[in-house]
Amino acid sequence: MTTSAVEPAHLTQAEVAALAKPKKSPKVLIGMIASYVGMALIVLYCILPFYWMIVSSLRLPTMGRSTDFLPRPMSFENFQGVFSGNNNFGRALINSLLVSGITTLLTLFIGIVAAYALARLRFKFKGIVLAIIIATSMFPGITLLIPLLKMFSGSYPWFPYWIDTYRAMILPSLSFALPLAVWNLTAFFRQLPVELEQAAMVDGCTPGQAFTKVILPLAAPGVFTTAIITFIAAWNEFIIALTFGRSPSVMTATVAISKFTGTTGFDTPYGTIMAAGVIVTVPLLIAVLIFQRRIVAGLTAGGVK
Amino acid sequence: MATTAVESKPPAPVTPHKVKKNALSDGQGRLAGILLSPTMAVIVVVVGIPIILAIRESFFFKNEGVDPNTGKIDATSRFVGLDNFTAIFENQNIVNALWGSMPRFWNAFINTTMFTIVCVILETVLGVAMALIMAKAFRGRGIVRAGILVPWAIPTIVSALMWKLIFNEAGVMNRILGRQFLWLADNSSSFVAIVIADVWKTAPFIGLLTLAGLQTIPAEVYEAAKVDGASAIQQFFQITLPMVKPTLVVAVLFRALDTMRMFDLPWGMIGSGKYSVETLSVFAYLEANATRYGPAAAYSIVLFLYIVLVAFLFVRMLGADVVGDESVKRTKAAKGRKKLKPSITSGAMP
C-alpha cells in the first residue's frame, strides 16, 4: 500500500509486482477502514453482553451487581458456589448431556434416512412430506406442551405417568430437533453429485448399498454439522424441560439456572447464576469456534432457527 | 395439522407424463416410504396426536368444586363446545398493561404481535447492515463469523438472565445511560428490554443468512451497474435487495414465527405473570400449569392459527420459498405452464 514511497531507480521484483497492481484510491482506502470499523462494531455488539456475563461471574459472590468493568478482586468463588449446596448443578449438567445427547442420536438415526429419501428418491407426495416437516418446525411449542402435560401427568387412563422422566423430555424435543436435522441433512445430501450413486448402482449396488457405502461416508461432514446444530438446539431447550423435568434428579441445566433465583438468601445470586451460565455456554462456544465454518454452512443451508 | 400455506399448493405429481422404465428410479416410491416412515411416525406421535388432543381439550372445561355424589374433588371435565374460544371475546380477566385495560388474552395477543413486528423489523435492518459490512470485508471475516455465532450459541434462558443483570436498576445499562430506568418492573421499559435482548440474539443470525444470499450475487452485476453510473444507494435498492430477497424473506419468516412463540425471554428476564411482557405462549403455559387445560389449549390453538396465517401471508404475498426443492418446483412450474412435452430433466433422477 505504501508503493508511492519507492524510488524508481532500483526496483526489486516484489516492488515491480506491487507497482503493477492497481493503486488503491483514497476512496477505496476509506471504504476498507469503514468496513473494518463496521466489523469491529459487529463483534463488539455480539461479544460485549457476553463479556459482562463473564466479568460478573468472576467477581466476589457479594459483589454480584457491581458495575465495575473489570472484576476487582478477581475470584472463582462463584464457580465453586455453582456446584455447592442444594443447587444440584453437577447433576443438572449430566441430565442436560443425557437428554440432548440421546435426542441428537435419535434425531440423526431417524433423520438421515428420511433426508436421503427426500434428497434423492423420486416419489409421490414429496412436496407434502416436505411441507409437513416444515410445518412441524414452525409449530408453537406451547400448542404441543399443553396436551402433552395433561397426557404425561396421568390425566388420561391410557397413558402412564411420565413427568420427571428423561423420555418425557426427549420425545417432545424430537418435534423441533427432527425437522431441523432432516432439513439440514437434505441440503447436504443434495450437494453430493448423483453420479456417485448412479455409478455405484451401475456397478451392482442396490440403492441401499449405494447409500451406506458411498453417500454416507461422503456426507460425514454434513452429518457431523447437523449433529452439532441439533445438540446445541437440544441443549438450549428450555420450555419442554421446564414442563416435564421438575425434580432435581432429572432437571436439565437450563432449568436449574433459572431456578437459582431466590433459593439462597434474599438477594438474587447473580454471581452464581452468571457462573452457571458461563459453564453451560463455554463448551458450546468452544465447539462453535472450532467448527464455525461448518456450522455457518449448515445454518445457511437449513435456513431454520 | 400441516395446514401451512406451503401445503395449499397442489401436491406435486411426479409423473405428469409417461416415464420410461428406469432401472435407477424404479421402486423408489416404496423405498422412500420405508425410509420416511420413522420420521413420519415421530411426527405423528409428537405433533399429530398432541394437536388432536389439544383441539379436543379446547372444547372441554374442568369441573370445579366437589362432586355431590361421591364427595371427592371433581377432577373430570365437561364438554363446553366453543365456550373456551368465545370466552376470549368476552370482557373478563381484565388486566391493565401497556395497551390499556383489556382482557388478559388480548393483552398477550397484542404483546406477541408487537414483539414480533418490532423485533423482526429491527433484526432485519441490523442483520442486513451486518451482512453488507461482512460482504465488503477483505480480511477478518472468520473473526466476525465467530463473534456472530456467540449470541446464537448462548441458551436463550441464559441470555435472558444475563440481560436481567445488565438491566438491573443498579446495573450496567443504567450506569452507561446515566439514567435510572426500572427495566424489570413490568412497564414499557421492560418491553424495550425484551426487544433489545431478542434483537441482540437474533440479528447476527439474519446477518449470517443474508450474507449467504449476498455471496450468490455475481460481481458482474455490480460492475455493469457501475458502468451505467448507478450510485451505491441505487445499487442497494435495485440490485442487492431484489437479489437477496428470496433468502431474506425465508429468514424473516422463520424469525417472525419464532418470535411469535417467544417464551424464554419474558419468563427469564421479567418473570411470570408480568402483563406488560406476557406473550401468548407464557399466558397459555400459566393457564395449563394451573390445570385450566381447556382455556390454555384454546389460547394455544389461536396462537397456532395466527402463526399459520402469518406463514400463509408470507408465502402468498412475499413469495417465501420455504420448500426449496428443485424437483418439486420443477413439477409445479411444469404444471403451471401446462407443458405437454416431457422436459429433459424429468427422465433423469431428481
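Chain identifiers are assigned alphabetically (A, B, ...) following the order of the sequence lines, protein sequences preceding nucleic acid strands; residue numbering begins at 1 within each chain. Everything numeric in this text was worked out from a predicted model, so none of it was measured. Basis for what follows: all heavy atoms, side chains included, without hydrogens, waters or symmetry-related copies.
Using a 4.5 Å cut-off between heavy atoms, B/Leu126 touches chain A through its side chain atoms alone. Of the two parts of B/Ile307, only the side chain, counted from C-beta on, holds a non-hydrogen atom closer than 4.5 Å to a non-hydrogen atom of chain A. Looking at B/Met40, only its side chain comes within 4.5 Å of chain A, counting heavy atoms on both sides. For B/Val282, no part lies near chain A; criterion is any non-hydrogen pair under 4.5 Å. For a residue to count as touching a neighbouring chain, one of its non-hydrogen atoms must lie under 4.5 Å from one of that chain's; by this rule A/Phe109 does not touch chain B. For a residue to count as touching a neighbouring chain, one of its non-hydrogen atoms must lie under 4.5 Å from one of that chain's; by this rule A/Leu145 does not touch chain B. In this structure, the portion of A/Leu178 lying under 4.5 Å from any heavy atom of chain B is its side chain and not its backbone. Residue B/Val310 does not touch chain A at all, counting heavy-atom pairs closer than 4.5 Å. Contact annotation for A/Ile295: only side-chain heavy atoms (C-beta onward) come within less than 4.5 Å of a heavy atom of chain B. For A/Leu144, the parts sitting under 4.5 Å from any heavy atom of chain B are the backbone and the side chain alike. Both the backbone and the side chain of A/Val129 come within contact range of chain B, each with at least one heavy atom under 4.5 Å from a heavy atom of that chain.
Residues A/Leu289 and B/Ala146 share a closest heavy-atom pair of CD2-CB, 3.5 Å. Across every non-hydrogen atom of B/Ile148 and A/Cys46, the tightest pair is CA-SG, 3.8 Å. Annotation for B/Leu53 and A/Tyr156: closest pair CD2-OH, 3.9 Å, computed over non-hydrogen atoms. Counting all heavy atoms, side chain and backbone alike, B/Gly142 lies closest to A/Gln292 at O-OE1, 3.3 Å.
In this structure, CE on A/Met53 lies 11.5 Å from CH2 on B/Trp163, to the nearest 0.5 angstrom. In this structure, the separation between CD1 on B/Ile133 and OG on A/Ser35 is 8.0 Å, given to the nearest 0.5 Å.
When A/Val278, A/Ile47, A/Leu171 are compared by the number of non-hydrogen pairs under 4.5 Å with chain B, A/Leu171 comes out ahead. Per-residue heavy-atom pair counts under 4.5 Å with chain B were compared for A/Ala117, A/Pro140, A/Gly38, A/Ser173, and the maximum is reached by A/Pro140. In terms of heavy-atom pairs under 4.5 Å with chain A, the best-connected choice from B/Ala212, B/Ala284, B/Ser159 is B/Ala284.
Contact annotation: the side chain of A/Ile142 never approaches that of B/Arg261 to less than 4.5 Å [non-hydrogen atoms, C-beta and beyond].
A/Thr143 places a side-chain N or O within 3.5 Å of a backbone atom of B/Ser300 that can act as its donor or acceptor partner.
By the salt bridge (charged side-chain N to carboxylate O under 4.0 Å, His left out) test, B/Arg255 pairs with B/Glu123, B/Asp198, B/Asp258, sequence neighbours left out.
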